[in-house]
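Since the structure is predicted, the reported quantities are computational estimates derived from the model, not experimental observations. Remember, it's 1-based here, ligands and their atoms both numbered in the order they're listed. In what follows, every heavy atom counts, from backbone to side chain, and hydrogens, waters and symmetry copies are set aside.
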Amino acid sequence: MIANMSAESSDIKAISEKISLDGWSDGDGLFHTDLLLELREEVRLHEFADALSLAHTGHNESKMLSAVRGDSTLWLDDPRCGDASKKFLVLLDILRIELNRSLMLGLVSVEAHYAAYPAGAVYGRHRDSFRDNDARVLSLVCYLNTEWPDNAGGALRLHLTEGHRDIEPKLGTNVIFLSGDIEHEVMPSTQTRYSIAAWFRQREIQLR
Ligand code: OGA
Ligand code: MN
């Protein structure tokens, strides 16, 4: 057991192997349910306190980053965030070190935000990093939805060479993928959809 994470080192090794082979990995054993429930409470409190801001994708950035996007977000290091956010950021940093050990990707930091997608909102097909903006190396998405009927929609759709793969946004499900390689999108849902998206970053090269 990795301090407070529910994952074992052997799980991280299996995740790493899957990522080096396929570019992505999904599962549901990384974080304790108690913590996920606290995170869910937190994002809902922020939502009701109007602390989430409408996400936007900069139009000066690469075309794929300016996909239509209907979620509202709050970074976990925002001063308004509480203990659950702080705990989660610590775990993500432990995960960063573990993933570095097995994948040797030179990940130096991690950033994460809560996201709430109201019913009907989407995030169009995109990648999370590009050649001209490649600080994000690995993306992690973790879901905070306790009740998610089969017909609620809201899948994370991964576009893979062999076709697409839909992942249901149920509490505890997590997906990790190479930010520059895997195109993905968020499908519309019939109810509010809560997630945390995190990016493990490499050192940025300063261009003069
Ligand atoms: C993102 C993203 C996916 C999700 O924030 O870049 O693709 O399932 N999120 O919330
Ligand atoms: Mn994305």
Side-chain angles (χ1 to χ4, degrees), residues 15 19 22-28 30-31 36 39-40 42-44 46-47 52-59 61-78 81 85 88-89 92 107 109-148 150 152-160 164-202:
I15 290 171
I19 292 171
D22 300 332
W24 69 283
S25 168
D26 68 337
D28 62 5
L30 269 187
F31 308 105
L36 294 166
L39 293 164
R40 173 183 166 81
E42 219 189 290
V43 65
R44 284 161 61 86
H46 292 311
E47 184 188 27
L52 305 179
S53 336
L54 207 54
H56 50 84
T57 43
H59 30 244
E61 295 180 63
S62 180
K63 211 168 84 200
M64 297 278 290
L65 265 177
S66 55
V68 176
R69 177 165 188 192
D71 56 329
S72 291
T73 63
L74 180 68
W75 293 98
L76 270 71
D77 66 355
D78 188 283
C81 286
S85 303
F88 195 70
L89 283 175
L92 286 178
L107 309 172
S109 62
V110 62
E111 57 185 355
H113 67 47
Y114 290 108
Y117 289 76
V122 300
Y123 190 158
R125 182 168 172 165
H126 67 282
R127 273 183 278 147
D128 289 345
S129 80
F130 299 89
R131 211 177 325 188
D132 58 341
N133 180 0
D134 66 350
R136 291 174 168 178
V137 177
L138 268 185
S139 305
L140 176 148
V141 196
C142 176
Y143 297 104
L144 304 175
N145 305 297
T146 40
E147 266 149 64
W148 203 263
D150 288 343
L156 170 67
R157 176 165 291 180
L158 303 179
H159 294 277
L160 307 168
H164 70 250
R165 171 77 179 258
D166 282 354
I167 294 159
E168 297 293 306
K170 290 187 177 158
L171 188 91
T173 296
N174 57 75
V175 189
I176 303 178
F177 55 88
L178 292 171
S179 308
D181 287 2
I182 305 287
E183 288 184 24
H184 56 284
E185 68 184 302
V186 175
M187 307 306 288
S189 55
T190 57
Q191 59 188 63
T192 306
R193 171 193 192 273
Y194 300 103
S195 60
I196 293 177
W199 295 276
F200 298 97
R201 299 169 65 97
Q202 65 184 1

### Message
Quick one: does any side-chain atom of S195 pair with a main-chain N or O of A197 as donor and acceptor, under 3.5 Å?
### Response
no
### Query
Sub-3.5 Å donor-acceptor pair from the side chain of R127 to the main-chain atoms of E183, do we have one?
no
Got an N/O contact under 3.5 Å between [X] and ligand 1?
X	value
H184	yes
H113	no
Y123	no
D71	no

Look at [atom] and say which protein heavy atom is nearest, naming residue and atom and giving the distance to 0.1 Å.
atom	value
atom 9 (N) of ligand 1	Y117 OH, 3.8 Å
atom 3 (C) of ligand 1	V186 CG2, 3.5 Å
atom 8 (O) of ligand 1	Y143 OH, 2.5 Å

Relative to the heavy atoms of [X], which atoms of ligand 1 are at a distance of less than 4.0 Å?
X	answer
S195	10 (O)
D128	6 (O)
A197	5 (O)
V141	4 (C), 8 (O), 10 (O)

Between the side chains of [X] and [Y], is a donor N or O closer than 3.5 angstrom to an acceptor N or O?
X	Y	value
H159	H184	no
S72	E47	no
Y143	E168	no
T173	D28	no

### Query
Would you say E185 contacts ligand 1, with heavy atoms under 4.0 Å as the rule?
no
### Message
Tell me whether W199 reaches ligand 1 (any heavy atom closer than 4.0 angstrom to a ligand atom).
### Response
yes
### Query
Tell me, which N, O or S atom in H126 is closest to the Mn ion (ligand 2)?
NE2
#### Entry: Atom of D128 closest to the Mn ion (ligand 2), considering N, O or S atoms
OD1
#### Entry: Aromatic ring pairing F31/F88, orientation class (parallel under 30°, perpendicular over 60°, tilted between)
tilted
### Message
Can you classify the ring geometry of H113 versus W75 as parallel (below 30°), tilted (30 to 60°) or perpendicular (above 60°)?
### Response
perpendicular
### Salt bridge present between D134 and R201 (N-O < 4.0 angstrom)
no
### Query
Thinking salt bridges, do D166 and R157 make one under a 4.0 Å N-O criterion?
yes
### Message
Is the contact between V175 and ligand 1 made by the side chain, the backbone, both, or neither, using heavy atoms and a 4.0 Å cut-off?
### Response
neither
